[in-house]
Amino acid sequence: AQASAFVRNFERTGRGMQFEFGGYYKTFVQLADAGSCRATIDGRPAGSAGKGGALQLNVSGNDAKPVSYHSIKVNCE
């Protein structure tokens with residue numbers, strides 16, 4: 001996994017994970033080997049893995065302080 005911003009409140013679930021994510025500019029989280037996974041951002045569908053099995057989630061950045069965090073949930077089959 002890689003992220004371009006802050007990750008907090010990370011929790012593994014039975015077949016996935018959930019966490020909060022936020023940052024300032026071009027914020028994303030990318031998860032490798034996520035071919036069977038689907039994600040939501042703030043409760044809205046965010047897609048599934050693309051070619052190569054990587055799942056990339058992009059959220060809007062914000063230059064305001066404090067950082068605005070988004071709720072991310074990932075479920076894998």
Side-chain angles (χ1 to χ4, degrees):
Q2 62 179 324
S4 67
F6 306 107
V7 174
R8 69 179 187 183
N9 299 325
F10 181 89
E11 179 182 341
R12 291 186 67 132
T13 58
R15 292 187 150 238
M17 65 187 84
Q18 60 187 27
F19 53 91
E20 293 177 337
F21 175 72
Y24 298 110
Y25 181 71
K26 292 189 178 183
T27 54
F28 73 89
V29 173
Q30 187 177 62
L31 305 171
D33 298 323
S36 65
C37 302
R38 296 201 178 281
T40 61
I41 299 174
D42 297 328
R44 294 184 302 272
S48 55
K51 187 176 180 180
L55 174 62
Q56 182 158 326
L57 305 171
N58 300 297
V59 298
S60 58
N62 187 341
D63 63 356
K65 293 183 183 179
V67 171
S68 295
Y69 284 87
H70 300 272
S71 174
I72 309 294
K73 291 185 180 179
V74 179
N75 292 305
C76 303
E77 298 190 18

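Here the structure is a predicted model, which means the values were calculated and not measured. We're numbering straight along the sequence, starting at 1.
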Any heavy-atom pair between the side chains of Cys76 and Met17 that's under 4.5 Å?
no
Value for CD (Glu20) from CZ (Phe10), rounded to nearest 0.5 Å, stands at 13.0 Å
> Counting only heavy atoms not in Arg12, do more than 12 sit closer than 6.0 Å to its CZ atom?
Replying inline: no
Taking atom CG of Asn9 as the centre, does the number of heavy atoms from other residues, nucleotides or ligands within less than 6.0 Å exceed 12? yes
Heavy-atom nearest pair, Leu55 first then Ala34, reads CB-CB, 3.8 Å
Interatomic distance, CD1@Ile41 vs CG@Leu57, rounded to 0.5 Å, equals 5.0 Å
Between Lys73 and Gln18, the two heavy atoms sitting closest are CE-OE1, 3.5 Å
Show the atom names and distances, to 0.1 Å, of all donor-acceptor pairs under 3.5 Å that link a side chain in residues 22-30 to residues at least two apart or in another chain.
residue: Thr27; atom: OG1; partner: Val59; partner atom: O; Å: 2.6
residue: Gln30; atom: OE1; partner: Gln2; partner atom: NE2; Å: 2.7
residue: Gln30; atom: NE2; partner: Gln56; partner atom: OE1; Å: 3.1

Heavy atoms of Gly35 and Ala49 approach each other most closely as CA-CB, 3.8 Å
Given the options Phe19, Phe21, Tyr69, Phe6 meets side chain to side chain contact (heavy atoms under 4.5 Å, CB included) only with Tyr69
